[in-house]
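Only one structure is covered here, and it is reproduced in the block below.
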Protein chains: 2
Amino acid sequence: MATIQDVAKLAGLSRTTVSRVINDHPYVAEEKKQLVTKAMKELNYVPNSSAQRLRKQATETIAVYVPRITNPFFSQLVESMENAAAQKGYQLILCQTRYKKKQELFYLELLRTKQVDGLVLTSIENNWSEIKPYLACGPIVLCNEYSDEAEVPVIHLDQIQGGYIGTKHLIEQGYTKIGYCSGNHKSSRVAADRRIGYLKAMEEAGLTVQPEWYYDSAYSVEDGKRIFSIIQNQKNRPDAVFTGSDEVAAGIAKAAKQAGWSIPEDLAIIGFDNQPLAELMDLTTIEQPIDMIGRLAMEKMIEEIQSKGMQKRKRTELPLKLVQRSST
Amino acid sequence: MATIQDVAKLAGLSRTTVSRVINDHPYVAEEKKQLVTKAMKELNYVPNSSAQRLRKQATETIAVYVPRITNPFFSQLVESMENAAAQKGYQLILCQTRYKKKQELFYLELLRTKQVDGLVLTSIENNWSEIKPYLACGPIVLCNEYSDEAEVPVIHLDQIQGGYIGTKHLIEQGYTKIGYCSGNHKSSRVAADRRIGYLKAMEEAGLTVQPEWYYDSAYSVEDGKRIFSIIQNQKNRPDAVFTGSDEVAAGIAKAAKQAGWSIPEDLAIIGFDNQPLAELMDLTTIEQPIDMIGRLAMEKMIEEIQSKGMQKRKRTELPLKLVQRSST
DNA sequence: CGAATTCATGAAATCGTTTTCATAAACCGA
DNA sequence: TCGGTTTATGAAAACGATTTCATGAATTCG
């Protein structure tokens with residue numbers, strides 16, 4: 001591989017001048033510029049990016065943390081982030097935390113070792129106090145999941161509203177015994193907010209919340225099936241359930257149909273995300289503008305990197321929308 | 001941020017010795033090792049990876065090309081690759097070619113500029129002749145999609161068998177008017193092979209292939225719906241269709257049910273991939289060991305990087321399996 | 001005991017860029 | 001014409017590690 005030195009020699013100029021041409025600096029004569037360009041082409045030269053990174057102290061690479069890329073919500077988020085990053089000339093390193101604290105901390109080292117210029121977190125496993133020290137090494141932006149203590153830019157959705165409009169819709173449809181499935185609302189702010197919205201809608205309607213209609217650890221299709229079998233065995237059953245994801249809703253719907261139940265007559269179900277799955281399974285759901293938050297988060301990230309300014313907590317909150325189908 | 005120099009000074013030793021400790025080289029006294037470790041801890045030191053990359057001429061980073069990460073087949077592939085890479089201490093850069101030749105070529109520059117040690121391609125947009133020159137810059141491994149000219153390691157599935165067992169299953173179920181949906185078999189070896197398998201099974205059974213039952217550009221749920229409406233309007237209709245993905249199959253099934261058709265009585269449908277979707281929609285499908293090929297491809301890649309040996313064309317072909325459900 | 005290894009350390013070269021600094025020519029206004 | 005800017009170039013110093021080479025001390029061996 002040719003180096004800048006080889007180009008300089010072939011062009012009969014110094015490394016400095018070649019570097020100037022590469023970086024489009026002023027004060028280089030048109031004639032020499034031609035010489036350099038010609039030499040670069042002739043040698044098939046491209047600058048070595050490790051050297052550039054070392055010297056420029058920037059990598060033009062951003063790490064994105066997701067629990068698992070196979071979760072459609074996160075893959076869509078990553079898709080939009082990659083698009084936004086590529087547009088601005090940044091690379092994306094994919095980090096799957098696998099819902100593990102340790103894995104998340106392990107990847108944080110990328111920032112310390114200067115392998116990336118910044119971090120976008122879409123989920124948070126550790127306490128913010130564990131993550132905070134890494135802010136000294138580069139900017140962090142939160143997208144989707146967030147934490148109140150974190151003094152960094154946050155792009156997220158109005159999950160309280162999400163929980164509220166979903167539950168309210170069920171109430172308006174005439175359901176009164178409304179169950180609730182969610183992930184862990186103690187560690188996840190997203191889950192906690194939705195729960196607040198749910199409780200608010202229930203309270204407004206004067207409905208009571210039955211503890212036995214609260215189903216937790218709900219993430220996957222399998223969890224949905226498991227939850228259905230719990231419902232099936234309950235004496236006092238809900239007539240509708242609010243779920244935290246289309247997968248969970250789909251799992252419940254599938255198991256219910258297999259058991260001979262009619263949806264929504266025997267059980268109304270509402271999903272979350274409006275994934276392609278929701279349309280196929282005819283699920284009422286809450287649509288989140290995923291592409292939008294992904295793009296906004298990435299743009300914010302790049303802005304942070306380029307401004308090198310101090311990070312302020314700056315919250316951007318986007319609204320959600322109900323999509324009605326035949327499951328409610 | 002502390003540098004190796006700072007550590008050396010604090011420990012009262014030379015950079016060389018510190019470097020030896022970092023890289024676990026022999027010939028460093030236990031006592032000094034302790035000193036260095038202590039100094040590193042005290043300064044919260046980690047080696048700057050740009051500097052390491054430059055000096056070691058290796059990035060420990062691998063680029064993975066996929067058309068779109070939101071396609072569940074590819075997100076599962078990426079998930080398994082990321083797992084395998086992380087296990088061996090490698091990072092993954094995600095490149096979405098978006099089915100565009102230009103985008104693919106653009107990302108190839110990552111290899112030339114030494115931003116990554118190697119490339120795993122899961123789809124190929126350009127002619128191999130366009131890609132070949134980049135082999136001089138580092139190893140390339142093909143996973144899933146492949147090309148006959150490419151003299152590189154290939155990990156792929158036996159798509160001929162896939163087309164064959166799917167079609168044969170339909171024939172065994174008593175269907176004779178078998179339609180076929182696929183992507184572009186001219187540019188994709190995967191699609192071409194499946195077609196070969198389909199034709200083989202049809203020929204063996206003495207069935208004729210109707211050109212009007214060949215539906216192309218089939219990739220998404222939407223395409224499936226479009227194809228169903230074509231079928232619906234045909235005078236001479238197929239009684240079963242083989243599809244190249246669960247999404248297409250799901251789209252056809254959904255549209256068919258909406259039109260009041262019964263599956264499989266009015267139309268049998270077979271999918272491909274065995275995604276979660278297939279189970280939810282009760283689709284017979286062909287299961288591909290995606291995690292396996294992802295892991296194998298990544299391991300092969302790392303082997304290539306570490307051996308620095310010449311690349312030989314070495315094909316690994318894995319078998320597929322039919323999963324029967326109620327759509328056939 | 002002397003020669004040959006092995007062990008332990010550091011100075012300096014190296015990886016391939018960019019940036020700073022120095023220098024000189026060209027231009028410009030009074 | 002003279003000082004002062006603007007333009008154009010290159011030598012050398014970063015950036016932060018690893019690797020080569022040299023050197024001496026400690027150990028082993030015949």
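Order of the sequence lines fixes the chain letters, A, B, ..., with proteins taken first and strands second; residue numbering starts at 1 for each chain. Bear in mind that the values here come from a model prediction, so they are computed numbers and not experimental data.
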Residue pairs passing the ring pair (Phe, Tyr, Trp, His ring centres under 6.0 Å) test with at least one member in residues 77-115 of chain B, sequence neighbours excluded, are none
Under 4.0 Å between any heavy atoms, over every strand shown, what does T3(B) touch: base, sugar-phosphate, or nothing? Just pick one. sugar-phosphate
Pairing donors with acceptors under 3.5 angstrom, does anything connect the side chains of T122(B) and N144(B)? no
Mark yes or no for a side-chain to base donor-acceptor pair under 3.5 Å between T16(A) and dA11(D), with no hydrogen or angle criteria applied. yes
Calculate the interatomic distance between R15(A) atom CZ and dA12(D) atom C1'; express it in whole Å. 8 Å
Are side-chain N/O atoms of S188(A) and E145(A) paired as donor and acceptor at under 3.5 Å? yes
Chain B on DNA chain C: first and last contacting nucleotide, 5' to 3', under 4.0 Å to a heavy atom? dC7(C) to dG16(C)
Report the residues that fulfil side-chain hydrogen bond (donor to acceptor under 3.5 Å, both in side chains) with T17(B), sequence neighbours left out, ordered by chain and then residue number. S14(B)
Between the side chain of S49(A) and the main-chain N/O of T113(B), is any donor-acceptor distance below 3.5 Å? yes
Taking all atoms of both residues into account, what is the closest heavy-atom pair of V116(A) and L119(A), and its distance? CG2-CD1, 3.8 Å
Using whole Å, what does the distance between atom C1' of nucleotide dG16(D) and atom CZ of R112(A) come to? 16 Å
So do R98(A) and N83(B) actually touch side chain to side chain, heavy atoms under 4.5 Å? yes
Would you tabulate the nitrogen or oxygen pairs shorter than 3.5 Å linking the protein to nucleotides 24-28 of chain D?
none

Between L142(A) and V152(A), does a side-chain contact (heavy atoms from CB on, under 4.5 Å) hold up when you go through it step by step? CA-CA 7 Å; L142(A) 302 184; V152(A) 299; 3.8 Å; yes
Stems involving DNA chain D, each a run of at least 3 consecutive Watson-Crick or G-U pairs under 3.5 Å: C:1-30 with D:1-30
N/O donor to acceptor pairs below 3.5 angstrom from side-chain atoms of residues 125-138 of chain A, sequence neighbours left out:
unit_1  : atom_1 : unit_2  : atom_2 : d
N126(A) : ND2    : K101(A) : O      : 3.0
N126(A) : ND2    : E104(A) : OE2    : 2.8
Y134(A) : OH     : E109(A) : OE2    : 3.0

Could you tell me if T70(B) and E79(A) have a donor-acceptor pair between their side chains, going purely by distance under 3.5 Å? yes
Going by side-chain contact (heavy atoms from CB on, under 4.5 Å), name the residues that satisfy it together with N184(A), two or more places apart in sequence or in a different chain. K186(A), S187(A), Y219(A)
Nearest whole angstrom, please: distance from the C1' of dT18(D) to the CD1 of I22(B). 9 Å
Which donor-acceptor pairs under 3.5 Å do the side chains of residues 25-40 of chain B make with protein atoms, sequence neighbours left out?
unit_1 : atom_1 : unit_2 : atom_2 : d
E30(B) : OE2    : Q34(B) : NE2    : 2.7
T37(B) : OG1    : K33(B) : O      : 2.6

Using the side-chain contact (heavy atoms from CB on, under 4.5 Å) criterion, which residues pair with D193(B)? Sequence neighbours excluded. Y146(B), Q159(B), I160(B), R189(B), I196(B)
Determine yes or no for a side-chain-to-main-chain donor-acceptor pair under 3.5 angstrom, with Q96(A) supplying the side chain and I69(A) the backbone. yes
Show me the pairs that pass salt bridge (charged side-chain N to carboxylate O under 4.0 Å, His left out) and involve residues 39-57 of chain A, at least two apart or across chains. none
Heavy atoms within less than 4.0 Å of DNA chain D: which residues of residues 23-38 of chain B have one? Give them sorted by number. N23(B), H25(B)
Pull out every residue in residues 46-61 of chain A that has a heavy atom closer than 4.0 Å to any atom of DNA chain D, ordered by number, or say none. L54(A), R55(A), Q57(A)
